[in-house]
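Have a look at the structure below before the remarks.
Remember, it's 1-based here, ligands and their atoms both numbered in the order they're listed.
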Amino acid sequence: MTARPLQACRHWVFDLDGTLTLAVHDFARIRRELDIPERHDILGHLATLPAADAAAKRAWLVAHERELAAASRPAPGACELLQWLHVRGCALGILTRNDHALARLTLVEIGVAALFADDAIVGRDEAAPKPDPAGLLLHAARWAAAPADLVMVGDHGYDLQAGRAAGARTVFVGGDNAWPALSDHTYPDCRALLMALGRG
Ligand SMILES: [Mg+2]
């Protein structure tokens, strides 16, 4: 972690589900429906299946996630935080394990889609999914920024691991941080993060 304050950071990458939106994924149910063992990584498990089986399960997952995306609600302070960064000229990106089109639909639903160019959304088909840092490195390359100049904001260890592996600044937002060693900053939600930035 550098000594530079967060306010000075110009390149911000956000996780989507549970960070910018209220968390609605029931991962236990998804594992049950797709016959994935408890605690197994869902995308990782699907990648090990025979092609036909994997395709059918991915189709179910996308249909299920489309329903969730259509019902998305913004997390407290999320839209205000994005607008605040946007008007200050910061680069904004999304890094999600969701599918690109569903991520776009989610951003439309919560009212911030206009802040994100299409290539500012990196989904599971554009780069190896988190915790792999590939998506963050892709954002950095598109912005011609050093990975160390990026901030990764998320609500899960995968977000923080990806941030660490890329050499980015990490911000955890959520009620109970189970990954303090991976978090450079911790806030209860985006509203608290915005207030911290605004206090400058
Ligand atoms: Mg999340």
Would you name the N/O/S atom of [X] that lies closest to the Mg ion (ligand 1)?
| X | result |
| --- | --- |
| D155 | OD1 |
| D15 | OD2 |
| D17 | O |

- Item | Pairwise ring pair (Phe, Tyr, Trp, His ring centres under 6.0 Å) hits with a residue in residues 28-47, at least two apart |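 Of all non-adjacent pairs touching residues 28-47, those that pass ring pair (Phe, Tyr, Trp, His ring centres under 6.0 Å) are H40-H45.
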
- Indicate the ring-plane relationship of Y158 and H156, choosing parallel, tilted or perpendicular according to the 30° and 60° boundaries.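 Ring orientation of Y158 relative to H156: tilted.
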
- Across all chains, not counting sequence neighbours, the salt bridge (charged side-chain N to carboxylate O under 4.0 Å, His left out) partners of D176 are none

- Task: Go through the side-chain N and O atoms of E33 and H64 and say whether any donor and acceptor fall under 3.5 Å apart.
- Result: no

